[in-house]
> 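Got a structure for you, written out below as structure tokens; questions coming shortly.
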Amino acid sequence: MEFLDTLRRRRTTNGPFLPDPVKPEHQRLLMEVASRAPSHFNSQPWRFVLIDDRETIEEIARISGESMTRLMEEGTFWKRYRPYFRFSEREMEERRDGIFIDQMPAVLKPFRKHIFSETGQAIMNRFGVPKTLGEDNRKLVAGSPLLLAVLLDKAEYRPGELSGFYSLFGMGAAVENIWLTTTEIGMGIQFVSTPMEIPENWRRIEHLIDKPDDLELMAVYRLGYVPPDQRRPTIDWSSSQRKRLSQYVFRNSCVTPEPDTEPETTPGGGSPGPATKTRPVER
Ligand SMILES: Cc1cc2nc3c(=O)[nH]c(=O)nc-3n(C[C@H](O)[C@H](O)[C@H](O)COP(=O)(O)O)c2cc1C
């Protein structure tokens, strides 16, 4: 697979993985590509814990599922993430970011228009929607053959200071290397983020992995091989829409958006003429 093809195919995997263990050589490859990422002064502030111990995975899955249920029941999730949900194709087409409400799990669809209201929340709770989603989340995590904890060295990760920002930047690059490589080798990856939203649950995970004081637990992911026929799970945050160029790229200053059409170049690479041609939209 060509590099650009891999990059364009990268996605978040919301569905289940095959039960097959992740081959040791693939685990090593993922760790190697992570270490290839740039970091400030080559500090390599990241640390990783590969978790393939069944009991630990199941305990993290329980914590994740419980966290999901609690966030849904208390309405925290909807309150916190309301700005990212889109309710009509028109809104989606205009903004081209966020998550289109059509991509909500089937169990939530009847409540689509009401989920952000207190009445909607009460109805969902009465129907046990948070428990269903929590259990789905638990199963997804428990059914993953490998979890990956990403940590930062606190000597570098000092929030509020430049090195704190640099460390986050490098960690993002390392995770992206892992993410792209999973695509290349038939694997998938997804954030296990709900425990992070509930501080005491995050601490339970830190305890499970024996996190020392000099490291900060930044993220947990689940990984595995992707089945050939991927069914959409109940909770599906996948979103392939991307902003148009003119919505996120500017030329020379922040006031001149790059046009969505590209200037035609004269034969031989001369200066661009006035005519424009339409750039094919990537999907
Ligand atoms: C900082 C960050 C946090 C994210 N949190 C979650 C998450 O909690 N759950 C999840 O399934 N995906 C999470 N994602 C993945 C995004 O939802 C996803 O990248 C985005 O919707 C685009 O979809 P794609 O990755 O399939 O292209 C996160 C991504 C980033 C960079």
Side-chain angles (χ1 to χ4, degrees), residues 4-17 34 37 46 60-61 63-72 76-86 91-92 95-105 108 130 133-134 136-144 147-152 157 159 164-165 167-184 187-199 201-202 205 216-224 226 230-244 247-248 281-283:
L4 285 179
D5 184 35
T6 304
L7 191 145
R8 288 182 176 125
R9 280 168 24 106
R10 184 213 57 78
R11 284 286 171 278
T12 295
T13 306
N14 300 304
F17 296 125
W46 45 71
I60 293 178
I63 296 171
S64 182
E66 273 172 34
S67 306
M68 170 72 89
T69 299
R70 199 170 129 190
L71 290 166
M72 294 283 170
T76 322
F77 183 89
W78 306 116
K79 276 188 208 111
R80 211 168 266 171
Y81 300 116
R82 166 71 185 86
Y84 301 105
F85 290 97
R86 312 277 168 259
E91 195 186 357
M92 191 76 229
R95 299 191 49 136
R96 298 189 68 87
D97 64 6
I99 286 157
F100 187 25
I101 208 78
D102 245 21
Q103 295 178 4
M104 292 293 287
L108 283 183
L133 295 179
D136 280 0
N137 180 268
R138 188 198 63 76
K139 281 196 215 138
L140 273 181
V141 179
S144 306
L147 302 184
L148 177 69
V150 182
L151 304 101
L152 279 176
Y157 177 60
F165 164 72
S167 302
L168 284 177
F169 209 97
M171 182 189 79
V175 170
E176 179 69 354
N177 280 2
I178 294 174
W179 209 315
L180 289 171
T181 305
T182 59
T183 312
E184 171 79 13
M187 289 179 64
I189 181 166
Q190 186 185 27
F191 251 95
V192 178
S193 60
T194 54
M196 190 187 256
E197 311 246 357
I198 300 173
N201 286 356
W202 200 234
I205 296 187
E216 185 81 34
L217 178 62
M218 304 301 295
V220 175
Y221 291 88
R222 58 180 200 96
L223 296 95
V226 179
Q230 282 186 68
R231 278 200 2 248
R232 268 191 123 179
T234 0
I235 194 150
D236 187 357
W237 302 123
S238 164
S239 23
S240 54
Q241 296 86 349
R242 289 297 188 265
K243 287 180 187 294
R244 274 181 284 279
Q247 292 175 300
Y248 70 98
V281 178
E282 301 265 321
R283 301 222 176 259

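Atoms considered below: every heavy atom in the structure, side chains included; atoms not considered: hydrogens, waters and symmetry mates. Numbering of ligands and ligand atoms starts at 1, following listing order. What you are looking at is a predicted structure, and each value in this text was computed from that prediction instead of being measured.
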> Calculate, to the nearest 0.5 Å, the distance between atoms OG1 and CD belonging to Thr182 and Gln190 respectively.
12.0 Å
> Under 3.5 Å, side chain of Arg222 to main-chain N/O of Thr13, donor-acceptor pair present?
yes
> Has Met218 got any heavy atom lying under 4.0 angstrom from an atom of ligand 1?
no
> Just distances here: any N/O of Trp179 and N/O of ligand 1 closer than 3.5 Å?
no
> At under 4.0 Å between heavy atoms, is it the side chain or the backbone of Arg242 that contacts ligand 1, or both, or neither?
side chain
> With rounding to the nearest 0.5 angstrom, report the CZ to CD distance, Phe100 to Glu91.
8.5 Å
> Using only atom types and a distance under 3.5 Å, with no angle test, would you say the side chain of Arg96 pairs donor to acceptor with the backbone of Arg242?
yes
> Taking the minimum heavy-atom distance to atom 11 (O) of ligand 1, which of Gln190, Glu176, Arg10 ranks first?
Gln190
